> 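Here it is, the structure, as structure tokens.
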Amino acid sequence: MSSSPTTTAPAAAATSRGYDGASPQLPVLRVPLLNRERDLYAYEILFHRENGDEQELLRSILAMITDGALTRLVRGNRAFLNLPAELLPEDADVLLHQPRIGVVLQPHAANDDALMARLQLMAQRGCQFMLDIGDMEPGRDPSSEALLQMVQLVRLDAALLSPELFAQRVKSLHARGLHVVAGHVNDHATYERCLELPLEAIQGRYLLVPQPMAVPVLTANRLSMLRLMGALHESNPGPVELGNIIRDDAVLSYKLLSCVNSAYFALPRQLKSVQQAAIFFGVARMRNWIDTMAMCSMDDRPPELLRAALIRAHMCEELAQGMPHGSTEMAFTVGLFSLLDTLMCAPMEFLLTHLRLVPEISDALTGRGGPFATILQQILAWEANELTSAQVPPQRIQRLATVYLNATQWADQVYASANEKSA
């Protein structure tokens with residue numbers, strides 16, 4: 001499943017459709033905002049930047065908008081750019097021609113009269129704004145009130161406000177006709193409280209952390225999937241054995257072959273069976289494909305959670321290039337299974353007793369170390385937007401930027417193929 005041009009034909013095709021190229025990629029991160037039904041409401045686009053590179057950042061952002069890279073990153077969905085308002089171009093036509101792209105504003109924008117005049121003009125011409133007020137009191141002075149009258153959405157920080165004050169402010173803003181977003185919802189207790197309020201969207205780490213459960217209870221579908229994965233990893237199956245393991249799951253077999261035969265991967269010939277695919281890709285890679293298709297079939301879990309697992313898998317695999325033979329396939333499994341406890345609603349240690357993974361994988365998943373733990377931890381820091389050049393060299397950040405953009409495109413295409421939707 002690697003996108004390295006030195007592996008298989010479909011993998012090389014995946015790279016040719018990715019973001020790799022001569023020009024360095026702008027380090028960006030897309031963070032989902034979900035509605036009450038846990039479907040995507042919008043993406044927030046965060047930009048990694050260092051001191052003194054503001055103008056270069058602006059040029060890169062504008063290029064990303066005009067060449068369509070940003071639209072591909074968010075799959076045409078609504079997106080809000082989180083960048084200093086001072087960097088907004090004097091001529092905002094590039095944003096006005098993108099009706100599904102808005103801007104996150106900070107309260108201090110109200111202190112700049114010239115900037116406020118520009119924002120007011122943009123608002124009148126239809127630009128969408130989300131005001132991130134954190135724990136500040138809405139409309140506490142005339143300038144902040146002017147901002148509230150200009151924006152469509154207001155984001156509150158659920159981690160900084162008490163539950164009572166948070167609920168009060170949500171209801172007050174909603175009564176004014178503003179759409180309210182809950183930010184920094186980082187645990188499931190806070191998330192459950194949010195569902196009782198008139199919120200437009202919810203955002204935070206709650207999506208990626210397992211829900212606390214006194215006793216793990218697996219549904220029949222999840223138990224079946226766990227048994228399938230256990231059979232794939234318990235021994236060292238060959239192509240025939242792989243075909244036999246999923247022979248009775250007609251839906252999984254169909255999705256698997258549909259995905260690998262899709263135009264995106266540009267295979268030289270159509271693969272007609274799991275056994276043929278295992279011979280073509282190799283057993284280890286095909287096992288990864290089966291794990292991927294099985295997880296993508298979990299239609300009771302938020303699609304953005306599944307996409308996050310796929311992105312981690314692809315990033316782990318790419319960052320493991322250059323390690324000993326077989327490492328890329330194991331790294332892929334580490335990334336894919338890193339959210340298995342959240343997807344399955346069961347503790348990781350409990351799930352691993354059913355999977356019997358090799359120590360290199362299980363050690364990384366349980367935080368005990370091993371060759372893949374550093375890669376996984378770096379990816380977690382990247383997706384939390386906590387990686388800086390003080391921690392890793394700038395070249396590593398650039399490498400992660402390219403790998404991340406390729407991973408999002410790959411994950412979106414694979415998830416779409418697995419669910420028979422166009423990407």
Side-chain angles (χ1 to χ4, degrees), residues 28-48 70 73-85 100-107 128-136 138 147-148 151-163 165-174 178-211 301-312 339 342-343 379-387 404 408 411-412:
V28 299
L29 180 71
R30 70 181 195 191
V31 182
L33 291 75
L34 304 188
N35 62 20
R36 304 175 68 83
E37 289 72 41
R38 300 189 299 177
D39 293 323
L40 182 69
Y41 175 79
Y43 284 116
E44 179 180 10
I45 304 300
L46 304 176
F47 301 94
H48 173 86
L70 181 60
L73 175 63
V74 301
R75 305 190 315 281
N77 290 290
R78 182 189 290 113
F80 289 90
L81 309 181
N82 192 325
L83 74 164
R100 296 185 68 77
I101 297 178
V103 178
V104 177
L105 298 180
Q106 302 297 328
Q128 299 285 302
F129 292 121
M130 176 167 64
L131 178 60
D132 185 10
I133 63 174
D135 62 344
M136 289 179 58
L147 266 178
L148 282 177
V151 305
Q152 295 77 30
L153 295 100
V154 179
R155 181 165 62 189
L156 300 173
D157 192 322
L160 294 179
L161 294 166
S162 68
L165 189 55
F166 179 76
Q168 176 187 329
R169 292 187 179 176
V170 169
K171 293 173 182 177
S172 175
L173 290 165
H174 178 73
L178 290 164
H179 297 306
V180 188
V181 174
H184 293 98
V185 180
N186 297 326
D187 59 77
H188 290 276
T190 304
Y191 174 73
E192 292 298 328
R193 289 196 299 270
C194 285
L195 294 179
E196 300 172 358
L197 299 172
L199 290 164
E200 189 76 3
I202 303 171
Q203 180 184 26
R205 300 290 295 174
Y206 78 94
L207 181 67
L208 302 178
V209 298
Q211 190 166 359
R301 306 304 287 148
E304 288 304 313
L305 176 58
L306 292 161
R307 288 191 179 96
L310 296 177
I311 290 170
R312 286 186 185 181
L339 285 170
T342 306
L343 285 161
I379 291 171
L380 297 184
W382 175 269
E383 71 180 22
N385 201 32
E386 296 173 348
L387 208 59
Y404 174 76
T408 58
D412 291 341

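Numbers for residues simply follow the sequence, beginning at 1. If you're wondering where the values come from, they're calculated on a predicted model, not measured in any experiment.
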> List the atom of Q106, the atom of L147, and the distance in Å for their closest heavy-atom pair.
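Minimum heavy-atom contact is O-CD1, 4.0 Å.
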> If I take atom CG from residue L156 and atom CG from residue L161, how far apart are they, to the nearest 0.5 angstrom?
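Here the interatomic distance stands at 6.5 Å.
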> What pair of heavy atoms forms the shortest contact from T342 to L207, and how long is it?
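Closest pair (atom of T342, atom of L207, distance): CG2-O, 3.5 Å.
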> Answer yes if the side chains of R155 and Q203 hold a donor-acceptor pair under 3.5 Å, and no otherwise.
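Looking only at side-chain atoms, Q203 and R155 do form a donor-acceptor pair, the distance falling under 3.5 Å.
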> Any side-chain to backbone donor/acceptor pair from Q152 onto F129? Under 3.5 Å, distance only.
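Such a contact is found between Q152 side chain and F129 backbone.
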> Please report the shortest heavy-atom distance between L46 and E44, naming the atom on each side.
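So the two residues come closest at CD2-OE2, 3.4 Å.
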> Under a 4.5 Å cut-off applied to non-hydrogen side-chain atoms, are V180 and L197 in contact?
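V180 vs L197: side chains apart.
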> Would you say L380 and R312 make side-chain contact, with heavy atoms under 4.5 Å?
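Yes, their side chains come closer than 4.5 Å.
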> Minimum heavy-atom separation for N35 and Y41, please, with both atom names.
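In this case the closest contact between N35 and Y41 is N-CB, 4.1 Å.
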> Measuring from atom CG of D135 to atom CZ of F166, what distance do you get when rounded to the nearest 0.5 angstrom?
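The CZ atom of F166 is 12.0 Å from CG of D135, to the nearest 0.5 Å.
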> Working to the nearest 0.5 angstrom, can you tell me the gap between N82 CG and I45 CD1?
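Separation between the atoms: 10.0 Å.
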> For the atom pair CD1 (I133) and CG (L160), what is the distance rounded to the nearest 0.5 Å?
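If we round to the nearest 0.5 Å, I133:CD1 and L160:CG are 11.5 Å apart.
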> Return the minimal non-hydrogen interatomic distance between A309 and L343, and the atom names on each side.
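Heavy-atom minimum between the residues: CB-CD1, 4.5 Å.
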> Decide yes or no on side chain to side chain contact (heavy atoms under 4.5 Å, CB included) for R75 and R30, but give the supporting numbers first.
CA-CA 11 Å; R75 305 190 315 281; R30 70 181 195 191; 3.7 Å; yes
> Answer yes or no: is there an ion pair linking R307 with E304, defined by an N-O contact shorter than 4.0 Å?
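A salt bridge is present here (some side-chain N lies under 4.0 Å from a carboxylate O).
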> Side chain to side chain contact (heavy atoms under 4.5 Å, CB included), that's the test. Do V209 and D187 meet it? Break it down for me.
CA-CA 7 Å; V209 298; D187 59 77; 5.9 Å; no
> Check whether any side-chain N or O of H174 sits under 3.5 Å from a backbone N or O of E200 as a donor-acceptor pair, and report yes or no.
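Not at all, since once roles are kept as given, no pair shorter than 3.5 Å links the two residues.
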> Is any side-chain heavy atom of L208 less than 4.5 Å from a side-chain heavy atom of L305?
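With C-beta onward as the side chain, the pair touches.
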> Rounded to the nearest 0.5 Å, what separation is found between the CG atom of L310 and the OG1 atom of T408?
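L310 CG to T408 OG1: 11.5 Å, rounded to 0.5 Å.
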> Distance only, no hydrogens: is a donor on one side chain within 3.5 Å (strictly under) of an acceptor on the other, for S172 and R169?
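Result is no, nothing qualifies.
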> Answer whether the closest heavy-atom distance between the side chains of Y206 and L34 falls below 4.5 Å.
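They are in contact (side-chain heavy atoms under 4.5 Å apart), so the answer is yes.
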> Answer yes or no: is there a side-chain heavy-atom contact under 4.5 Å between L148 and P138?
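Answer yes - side chains close enough.
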> Are V74 and R100 close enough, and set up right, to give a side chain to side chain contact (heavy atoms under 4.5 Å, CB included), and what steps lead you there?
CA-CA 10 Å; V74 301; R100 296 185 68 77; over 6 Å; no
> Does Y404 form a side chain to side chain contact (heavy atoms under 4.5 Å, CB included) with I379? I'd like the steps, not just the answer.
CA-CA 9 Å; Y404 174 76; I379 291 171; over 6 Å; no
> If you take all heavy atoms of R205 and N186, which pair is closest and at what distance?
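Of all heavy-atom pairs spanning R205 and N186, the closest is N-OD1, 3.0 Å.
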